Amino acid sequence: MKLRIAPSPTGELHIGNARTALFNWLYARKHNGKFLLRIDDTDVERSTPEFQQNIIEGLEWLGIDWDEGFDKDSSISYKQSDRFERYEKIAQDLVEEGFAYEDDGAIRFKVKGDQNIYFEDYIRGDMNFNTNDIEDFVILRSDKTPTYHLASTIDDIDYEISIIARGEDILSSTPKHIMIMKALDAKVPDFCHLPLLFGPDGKKLSKRHGDTSVSSFKDQGILANAMFNYMSILGWSPGDDLEIFERDVAIENFDLKNVLPNPAIFDTVKLLWMNGQYIRNLNKDEFSKKAIDNISASLGREIFKEELERINIILPVVQERLETLNDITDQIKFLLDEPFTVNKEEWNGVNSENVQNYLKNIRENFKLMEKFDLQNIESMMREELKELNMKPKEGFQATRIAVTGTKISPPLFESIFSLGKPATIARLAEMIENL
RNA sequence: GGCCCCGUCGUCCAGAGGCCUAGGACGCUUGGUUUUCAACCAAGAAACGCCGGUUCGAAUCCGGUCGGGGCUGCCA
């Protein structure tokens with residue numbers, strides 16, 4: 001059994017293609033079959049090396065690996081632009097055998113009328129097309145480059161693909177491919193036309209729905225495993241109302257024939273939720289590494305040793321508060337060696353005489369505190385609340401603004417602890433002076 | 001226009017004739033917890049497009065209809 005994904009490097013790897021790749025991959029892995037990657041770059045005008053690279057990196061990032069194909073075996077090319085001679089030769093042969101004819105320099109496949117083309121689709125069942133509805137189609141352009149129909153079909157034959165699972169947008173082209181295969185006296189493989197992914201407007205997902213490339217989700221701080229999981233539940237389910245599951249569970253339960261026939265709308269909101277779940281499930285070291293890398297990337301610089309120490313303290317409580325990796329920097333920026341400013345507007349909302357006294361008192365207490373740890377910080381701050389007969393929210397919110405700069409922050413005591421004693425005292429002092 | 005595909009809560013998925021007064025998840029609303037935010041807990045609103053038929057019985061089968069989508073390129 002051999003399946004394939006054959007993207008065109010005419011754009012970045014988008015999630016529709018990635019999901020098709022994923023389903024092919026799952027099926028191949030489930031049945032110990034082969035999964036092949038081919039580069040369908042017959043459109044020389046629009047294909048670029050950069051897009052090709054983007055596609056390969058996207059698949060690798062998702063952990064969708066291939067056993068055969070592009071870059072795996074240097075003795076054979078899995079890039080269609082390297083095989084133009086072969087396609088041209090076959091097109092000529094088809095002309096000689098009467099299956100095709102020349103038309104203004106191009107070569108068209110001659111569609112015999114009154115025929116029924118039948119195939120059984122894994123998802124849609126019996127498919128019948130009347131050849132009267134199909135016009136003669138170009139297989140070789142006048143510049144001698146092949147069209148998709150020719151090149152793709154020849155490659156599927158040459159590389160012995162046994163199941164072609166691709167997007168439903170190609171469903172109506174399948175009879176053309178079968179006609180070419182029969183003219184070439186080749187074995188017709190199985191077909192499976194996967195439902196399309198739609199945008200929120202119910203139309204085929206494309207550029208006009210914004211950036212839907214896999215790399216853009218990576219850049220947004222989406223985890224590869226979350227992306228993989230989310231894509232897999234679009235049109236398919238492992239059963240038992242399972243939604244978050246490991247790859248081996250997906251492989252174990254996957255079947256192309258259980259993929260739903262109807263299109264699914266790609267919902268970023270649910271992806272974000274799932275990504276949050278995955279972030280929370282990361283172990284400490286994995287998360288720490290990803291977090292530090294992300295912060296460093298977003299700052300565009302290395303993270304200093306002292307910053308790293310502070311960040312590592314706060315990381316466990318930040319981990320539970322993220323939807324994407326990119327949310328981290330905003331939450332820990334009060335710990336960085338960067339200019340620190342307080343949001344004055346937020347402060348005006350919590351300021352009062354009580355609050356001013358509270359800040360002064362805890363500052364003094366911090367100065368005297370011998371063991372600056374979580375427990376002492378919390379008990380002192382609560383004690384001081386009682387002294388002034390204040391509610392927790394009243395004193396804590398003010399402290400939070402003074403220390404982190406905003407009303408929304410990681411938990412207060414952890415924030416103070418990670419910031420350290422001298423900086424905490426300094427920020428409280430600064431706040432008090434500017435009251 | 002022609003050909004083809006599709007049709008369960010706003011969205012994703014479960015449901016393969018009686019277990020369905022249709023289940024789970026995201027999102028939403030309300031309440032709880034709470035030092036903010038998140039997380040978490042509890043409750044709630046929310047769907048079988050419509051009309052016929054088959055059947056003792058249909059979300060599930062059939063037909064039609066309506067609606068959505070894809071293709072109809074010397075794009076893929």
Side-chain angles (χ1 to χ4, degrees), chain A residues 6-11 17 40-43 45-47 80 103-108 121 123-125 127-135 137-152 166-176 193 195-196 198 200-204 230 232-244 258 260-274 276-277 280 317-323 327 331 346 350 378 381-382 385 391-401 404 406-415:
Chain A
S8 294
T10 55
N17 276 145
D40 277 16
D41 58 346
T42 53
D43 186 344
E45 294 289 314
R46 300 194 298 143
S47 296
Q80 295 187 331
D103 173 31
D104 286 343
I107 291 177
R108 275 182 197 279
D121 190 276
I123 294 174
R124 288 153 224 288
M127 298 295 308
N128 289 286
F129 288 85
N130 189 318
T131 54
N132 290 338
D133 296 319
I134 304 170
E135 292 182 20
F137 53 96
V138 172
I139 53 175
L140 198 77
R141 302 185 187 100
S142 41
D143 66 1
K144 306 299 178 204
T145 64
T147 63
Y148 165 76
H149 300 305
L150 211 226
S152 176
R166 76 235 296 199
E168 196 204 322
D169 49 347
I170 322 256
L171 182 58
S172 6
S173 293
T174 298
K176 294 177 184 171
H193 289 94
L196 262 18
F198 282 177
D201 61 349
K203 299 236 167 40
K204 185 162 89 160
Y230 179 68
S232 71
I233 61 163
L234 255 29
W236 179 74
S237 152
D240 294 329
D241 287 332
L242 251 186
E243 290 204 298
I244 294 187
N258 285 343
L260 259 26
N262 51 301
I265 292 175
F266 186 82
D267 179 13
T268 315
V269 175
K270 189 158 183 173
L271 168 63
L272 253 24
W273 163 80
M274 189 173 277
Q277 298 291 315
R280 271 169 224 118
V317 293
V318 168
Q319 182 172 5
E320 296 162 27
R321 265 154 257 265
L322 300 172
E323 262 187 343
D327 297 339
Q331 293 195 30
E346 294 188 348
V350 300
E378 175 164 2
M381 288 184 67
R382 289 197 188 278
L385 236 34
K391 288 188 171 160
K393 190 169 181 173
E394 208 183 349
F396 291 170
Q397 272 304 72
T399 311
R400 184 190 311 283
I401 294 172
T404 71
T406 68
K407 254 194 316 205
I408 296 173
S409 81
L412 186 54
F413 309 127
E414 279 85 350
S415 294

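Basis for what follows: all heavy atoms, side chains included, without hydrogens, waters or symmetry-related copies. Lettering follows sequence order; numbering is per chain, from 1. Owing to the predicted nature of the structure, the values given are computational and were not obtained by experimental measurement.
- With a 3.5 Å ceiling on both atom-pair distances, the Watson-Crick or G-U wobble partner of B/U11 is B/A25.
- Here the side chain of A/Asp40 is nearest to one of B/C74, B/A76, B/U35, namely B/A76.
- Of the candidate nucleotides B/G70, B/C13, B/U36, B/G70 has the atom nearest to the side chain of A/Lys203.
- Across the strands present, B/U34 finds no partner; the criterion is a Watson-Crick or G-U wobble pair with both atom distances under 3.5 angstrom.
- Comparing B/U35, B/C26, B/A76 by their nearest atom to the side chain of A/Lys270 picks out B/C26.
- For a distance-only test at 3.5 Å, the side chain of A/Arg321 qualifies as a donor-acceptor partner of the base of B/C37.
- Taking 4.0 Å as the cut-off between side-chain N and carboxylate O, A/Lys270 and A/Asp267 do not count as a salt-bridged pair.
- Under the Watson-Crick or G-U wobble criterion, with both distances below 3.5 Å, B/G63 is paired with B/C51.
- Protein atom CZ of A/Arg124 is 14 Å distant from nucleotide atom P of B/C4, rounded to whole Å.
- The side chain of A/Arg400 has B/U35 as its nearest neighbour among B/G2, B/A76, B/U35.
- Here the side chain of A/Ser409 is nearest to one of B/C40, B/C26, B/U36, namely B/U36.
- Closest approach to the A/Pro261 side chain among B/U35, B/G70, B/C6 is made by B/C6 (side chain taken as heavy atoms from C-beta onward).
- Taking 3.5 Å as the limit, the base of B/G2 and the side chain of A/Asp133 contain no donor-acceptor pair of atoms between them.
- Put simply, the side chain of A/Ser142 and the base of B/C74 share a donor and an acceptor less than 3.5 Å apart.
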